[in-house]
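Here is the structure we will look at, set down as structure tokens.
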Amino acid sequence: MPEWPEVEVLVRQLNRLLPDRKIKGIHVRRRRVLGKTSPRKLDASLRGGTFVGVRRRAKFLLFDLLSRAGEPLLLLGHLGMTGRMYLSPRDTPLPKHAAVVIDLGRESFIFEDTRYFGKLTLDITPLGRLGPEPLDDLFTARCFAEQLRNSSQAIKIKLLDQTVVAGVGNIYASEALFRAGISPLLPARRLNGEQVSRLRNAIRKVLREAVQFGSTVPLSYDGTNREGALFYFGSAPNASDFYEERLRVYDREARPCLRCRNPIQRIFQAARSTYYCARCQTLNS
DNA sequence: CACCATGTTCCTTG
DNA sequence: CCAAGGAACATGGT
């Protein structure tokens, strides 16, 4: 259920639960989510170890641990499209798609993932491919412009490129472009300096607002926050009116633009949906 | 059965 | 090597 803000909120939640918890055992129920790490290696590394803290980088979760021998360890997590991570009492029946279960004693840390696109692994090579954090000072308008300068790809597709800026996903790409008043179809190299700056600021604003929103509503036990609707659940029955206004274009095809009342358009770019207002979001400046 | 879904990686083509 | 486009991964909802 993850994009950048959802991962950030989950990391904060896990950081209140995991530090000092000791790992009694590991149960790998779906090998695929370990990536290049073998189940044996994961078990050998983590068993007897202790959680120190959790950080986030782009949409990855970084679990800092101390091994049984006291050596620092980095465990990398990713929620893919449908992943969840949460603590659950030890005697609770496992969910159907529990991919990895870490036994912490009274409770278990559950990594559940319906589609198994997520990861829990010791292989940290994906971190090396990431561009700047959107909220970091390193993500300047100048550096952003540099990344867009030579690309003929549509800006929406470019926003999903994690080497350009790390953490923007399909929902917030549409949201940021709406806020910036820029057409998703505009070739990246055609953005002028003012548009680059506006888009950078819109990305930061959209993500910051989502995290702030997520921090003000209670999380469910499983960290999904369905009632508060920080996470995207499509046409979830519980989606609140608040949520409806939180996302201004995503999944609002044919409904009136909140700014000009024109119907929101849905198009496909790189086989993924993009939502935008053809009147408010322009191809020029 | 068809199509769509919050993400990343791998392969092919130029 | 790079850029760009597309398929693959796997399951469930509508």
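Every chain is numbered from 1 and lettered A, B, ... according to where its sequence line falls, protein lines coming before strand lines. From a predicted model like this one, the values you see are computed outputs, not experimental measurements.
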Ring stacking, Phe117(A) with base of dC9(C), under 5.5 Å and under 30°?
yes
To the nearest angstrom, the CG-P distance between Asn170(A) and dG7(B) comes to 6 Å
In this structure, how many angstroms lie between the P atom of dA4(C) and the CZ atom of Arg189(A), rounded?
8 Å
For atom C1', what is the distance between dG13(C) and dT8(B), given to the nearest Å?
23 Å
Are Arg142(A) and Glu146(A) ion-paired here, with the side-chain N under 4.0 Å from a carboxylate O?
no
Show your reasoning for whether salt bridge (charged side-chain N to carboxylate O under 4.0 Å, His left out) applies to Arg84(A) and Asp113(A).
CA-CA 6 Å; Arg84(A) 305 174 179 190; Asp113(A) 188 357; over 6 Å; no
Look at the side-chain N and O atoms of Gln153(A) and state whether any lies under 4.0 Å from the OP1 or OP2 oxygen of dG5(C).
yes
Are Arg21(A) and Glu107(A) close enough for a salt bridge, meaning some N to O gap below 4.0 Å?
yes
Would you kindly check whether a donor in the side chain of Arg32(A) faces an acceptor in the base of dA10(C), or vice versa, at under 3.5 angstrom?
no
Do any side-chain nitrogens or oxygens of Arg272(A) fall under 4.0 Å of OP1 or OP2 in dC4(B)?
no
Flag the pair Phe178(A) / Tyr276(A) as yes when their ring centroid distance falls below 6.0 Å, and as no otherwise.
no
Once you apply a heavy-atom cut-off of 4.0 Å, does Lys119(A) come out as touching a base, just sugar-phosphate, or nothing?
nothing
Whole angstrom value for the distance that separates C1' of dT8(B) from CE of Met81(A):
10 Å
May I ask you to verify if any side-chain N or O of Lys158(A) is less than 4.0 angstrom from the OP1 or OP2 atom of dA3(C)?
no
Base, sugar-phosphate, or nothing: which does Phe60(A) touch, judged by heavy atoms less than 4.0 Å apart?
nothing
Protein-nucleotide distance (Phe268(A), atom CZ; dG5(C), atom C1'), rounded to Å:
17 Å
Whole-Å distance separating the NZ atom of Lys96(A) from the P atom of dG13(C):
8 Å
In plain terms, say whether Arg40(A) and Asp43(A) are close enough for a salt bridge, that is, a side-chain N and a carboxylate O under 4.0 Å apart.
no
Between dT9(B) and dG12(C), how far apart are the two C1' atoms, rounded to whole Å?
23 Å
Say whether Thr37(A) and Thr121(A), considering side chains only, have a donor N or O and an acceptor N or O under 3.5 Å apart.
yes
Measuring to OP1 and OP2 of dA10(C), would you say a side-chain N or O of His97(A) lies under 4.0 angstrom away?
no
Are OP1 or OP2 of dT11(C) and a side-chain N or O of Tyr116(A) less than 4.0 angstrom apart?
no
Phosphate OP1/OP2 of dT8(B) contacted by His78(A) side-chain N/O (<4.0 Å):
yes
Would you list the pairs meeting salt bridge (charged side-chain N to carboxylate O under 4.0 Å, His left out) in which at least one residue belongs to residues 166-181 of chain A, sequence neighbours left out?
Arg179(A)-Glu209(A)
According to a strict under-4.0 Å criterion, is Gln162(A) in side-chain N/O contact with OP1 or OP2 of dG7(B)?
no
Annotated structure of DNA chain C as dot-bracket, pair cut-off 3.5 Å, Watson-Crick or G-U only, | for inter-strand, is .||||||||.||||
Which whole-number value in Å describes the distance from Arg129(A) CZ to dC1(C) P?
13 Å
Ser151(A) vs dA4(C): side-chain N/O to OP1/OP2 distance below 4.0 Å
yes
Could you measure between the two P atoms, the one in dG6(C) and the one in dC4(B), and give it in whole Å?
15 Å
Between C1' of dG7(B) and CZ of Arg57(A), the distance in whole Å:
16 Å
Report yes if at least one side-chain N or O of Ser152(A) is closer than 4.0 Å to OP1 or OP2 of dA3(C); otherwise report no.
no
Under 4.0 Å: is that the gap between some side-chain N or O of Arg30(A) and OP1 or OP2 of dT11(C)?
yes
Is Arg57(A) salt-bridged to Glu133(A), going by a charged N under 4.0 Å from an acidic O?
yes
Group every Ile, Leu, Val, Met, Phe, Trp and Tyr by side-chain heavy-atom contacts under 4.5 Å, then state whether Ile124(A) and Leu62(A) land in the same group.
yes
Between C1' of dA3(C) and CD1 of Ile155(A), the distance in whole Å:
15 Å
